[in-house]
Amino acid sequence: MTLLTMRGVTKRFGAVEALTGVDFDLEAGEVHALVGENGAGKSTLMKILAGVQPLDEGTMTLEGRAVHFRNVSDAQARGVVMVYQELALVPALSVAENLFLGTLSGIVRYRALRERARALLAQVDLDLDPETEVERLSIGEKQLVEIARALAREGRVLVLDEPTAALSSSETERLFELIAKVKAAGVSLVYISHRLEEVFRIADRVTVLRDGGLVGTRALDDITPDEVVEMMVGSAVHRYQRPDRHRDERLGRFELDLAGDAPIEITVHAGEIVGLAGVIGSGRERVLPSAFGLSGGARWGDRPLRSPREAIRAGIMLVPSDRKSQGLVLESSVQENVSLSTLSRLQRFGFMRPVAEAAQTRYWIDKLSLRPPLPHKPVRELSGGNQQKVVLAKALAIEPKVLLLDEPTRGVDVGARAELYDVIDGLSSQGLGLLLSSSDTEELIGLSDRILVFRGGRVVTELRPPFTYEEVVAHVTGARQLA
Ligand SMILES: Nc1ncnc2c1ncn2[C@@H]1O[C@H](COP(=O)(O)OP(=O)(O)OP(=O)(O)O)[C@@H](O)[C@H]1O
Ligand SMILES: [Mg+2]
């Protein structure tokens with residue numbers, strides 16, 4: 001029986017069309033996986049379903065009747081509940097308060113509430129005092145509290161957006177047991193994931209989105225993992241790749257402890273771009289912080305990297321992904337930002353050397369084609385792509401030998417992205433070694449000399465050019481291991 005339908009759903013964010021005429025059906029009591037590459041529109045489609053965002057065009061029906069959810073409580077009142085990718089619990093409140101947030105009115109009987117909370121936590125097999133503050137829970141426990149909260153709202157439709165991204169394997173097993181239980185109780189689930197082994201294990205059907213459009217819906221009994229990958233990536237159009245160049249000047253070797261079974265080793269050559277691929281939770285996201293001395297236990301050759309200071313002394317510099325919170329002082333000018341990392345060199349007897357400072361800034365503005373090329377412009381007034389160039393300039397000003405790039409084009413528009421690619425390519429031509437951590441397959445393929453694929457805290461494959469898009473996605477999602 002079809003419980004819910006979405007027809008012709010279109011959603012725009014300014015100029016971006018996040019969804020274009022998407023159809024989606026949910027059967028009563030099924031687990032329906034929703035897959036697609038980053039930015040395909042999965043979260044957006046489900047946020048529309050859960051009343052978080054309105055749709056621009058299209059219709060939805062629940063049990064055959066048209067519905068319009070104006071907000072989250074509207075959707076919840078009809079039994080549609082979503083557990084978000086970015087968890088939505090209130091850290092300072094207790095577990096019990098979070099469980100019933102927004103559902104309490106009138107006089108609250110705390111004892112009854114505690115009892116009810118205990119019962120709900122038991123349903124998700126969580127042995128926790130309901131009075132515990134949420135900020136003291138592990139991510140896995142928070143996830144389970146979120147699901148308990150969904151159950152508290154008597155959901156008939158439960159949407160889980162990448163629930164296992166931050167879970168350990170035992171927590172993941174627990175979640176799967178819970179999903180089976182919830183499903184047996186007649187609840188329909190939508191399961192968003194980048195991990196195809198999970199999809200094949202727990203889902204009945206899969207819907208694939210690509211670039212905001214529907215590619216198709218299939219029963220998982222009728223399709224192979226490689227076919228799902230094919231649907232995700234589409235027909236292979238020709239994409240730029242670097243020529244396979246031989247590099248033999250070895251800069252050094254990282255030894256990193258990613259909390260997997262054994263430390264991993266990454267050798268870096270001069271002029272080489274090493275791509276790091278893997279879904280969130282694969283260990284890929286821990287490589288660069290570790291290589292920059294942020295997590296302890298790392299080495300570069302025989303030098304320990306116990307702090308960023310030690311990393312910088314070893315010639316290793318990080319360009320962080322979150323440029324707003326980590327990379328830049330937005331109120332300050334381009335020049336002030338670029339000078340920040342080299343203050344000691346630009347000072348003499350505690351005074352800035354204005355000529356040296358201006359010369360350095362001018363050099364980087366030219367080299368990275370900053371637009372507009374104005375050293376005194378506040379960084380806040382630059383476009384995303386140009387802000388990212390300032391972050392790069394700041395990192396390059398210390399003249400590193402190895403540059404760690406974390407999602408260098410996240411949130412950067414297409415044109416500026418191409419320019420950044422040229423800049424990164426140029427840096428490697430000059431002998432810099434680069435580690436490029438990215439969730440963007442196209443970016444990895446276009447820039448990397450080789451690609452290391454991470455899963456479970458280990459490197460599971462090293463890919464060499466010519467890369468194919470399918471191959472990279474098949475390894476990252478785990479489809480290759482299932483085949
Ligand atoms: N609030 C927003 N404002 C502007 N653009 C948005 C917003 N939310 C999503 N987008 C854009 O809509 C598109 C689809 O995003 P969405 O988050 O749905 O992708 P996704 O498939 O969930 O990706 P991921 O696997 O990375 O979570 C992207 O291009 C994204 O940048
Ligand atoms: Mg998403």
Side-chain angles (χ1 to χ4, degrees), residues 6 9-24 32-58 71-72 82-88 143 146 158-167 189-196 198-199 203 206-217 228-229 231-234 276-282 284-285 321-324 383-385 388 406-417 437-444 454-455 469 472-473 476-479:
M6 302 177 87
V9 172
T10 295
K11 175 74 187 175
R12 294 177 204 93
F13 294 106
V16 177
E17 195 155 295
L19 294 169
T20 310
V22 172
D23 296 343
F24 181 81
H32 194 135
L34 186 57
V35 306
E37 290 213 88
N38 294 111
K42 306 178 295 295
S43 298
T44 303
L45 186 67
M46 288 303 116
K47 282 180 178 168
I48 289 170
L49 179 64
V52 181
Q53 289 164 346
L55 43 72
D56 292 324
E57 286 162 38
N71 51 45
V72 176
M82 178 161 175
V83 176
Y84 302 96
Q85 197 168 2
E86 49 297 326
L87 292 178
Q143 194 88 53
E146 282 261 21
L158 179 57
V159 179
L160 303 178
D161 194 350
E162 297 193 39
T164 59
L167 299 191
L189 290 108
V190 181
Y191 189 84
I192 301 180
S193 180
H194 287 287
R195 303 176 181 190
L196 291 183
E198 297 181 351
V199 167
V206 60
T207 288
V208 182
L209 297 181
R210 186 170 68 231
D211 296 335
L214 171 71
V215 183
T217 299
V228 175
V229 169
M231 290 172 79
M232 286 169 66
V233 304
L276 310 175
V279 302
I280 307 288
S282 64
R284 189 255 303 173
E285 72 280 6
S321 67
D322 186 356
R323 58 180 174 268
K324 295 227 166 68
S383 71
Q388 187 67 353
D406 193 4
E407 304 279 2
T409 61
R410 180 183 284 165
V412 169
D413 68 74
V414 183
R417 195 171 288 187
S437 177
S438 177
S439 51
D440 185 330
T441 310
E442 193 153 354
E443 175 165 305
L444 285 170
F454 288 78
R455 200 141 10 85
Y469 208 78
V472 176
V473 174
V476 165
T477 57

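In listed order, ligands and their atoms are each counted from 1. Computed over heavy atoms, backbone and side chain alike; hydrogens, waters and symmetry mates excluded. Please read these numbers as outputs of a predicted model, since none were measured by experiment.
In terms of the side chain to side chain donor-acceptor pair (under 3.5 Å) criterion, Thr10 has no residue partners (sequence neighbours excluded). Glu198 meets the salt bridge (Lys or Arg N to Asp or Glu O under 4.0 Å) test with Arg195; sequence neighbours excluded.
Taking 4.5 Å as the limit, every side-chain heavy atom of Leu196 sits out of range of all side-chain heavy atoms of Val206. Contact of the Leu34 side chain with the Leu209 side chain is registered, since non-hydrogen atoms from C-beta on lie closer than 4.5 Å. Contact annotation: the side chain of Leu49 approaches that of Met6 to within less than 4.5 Å [non-hydrogen atoms, C-beta and beyond].
When Ala15, Gly212, Gly39, Ala40 are checked for heavy-atom proximity to atom 23 (O) of ligand 1, Gly39 turns out nearest. In this structure, of Asn38, Asp161, Ile280, the residue bringing a heavy atom nearest to atom 26 (O) of ligand 1 is Asn38.
In terms of N/O distances under 3.5 Å, ligand 1 is not approached by Val16.
At least one N, O or S atom of Ser43, from either the backbone or the side chain, sits less than 2.8 Å from the Mg ion (ligand 2).
With a heavy-atom cut-off of 4.0 Å, His194 touches ligand 1 through its side chain alone.
The closest side-chain donor-acceptor pair between Glu407 and Ser439 falls under 3.5 angstrom.
Numbered from 1 in the order shown, with element, the atoms of ligand 1 that lie under 4.0 Å from a heavy atom of Ala18 read 12 (O), 13 (C).
Within the structure, the closest approach of Gly36 to ligand 1 does not fall below 4.0 Å when heavy atoms are considered. The closest approach between any non-hydrogen atom of Glu162 and ligand 1 is below 4.0 Å.
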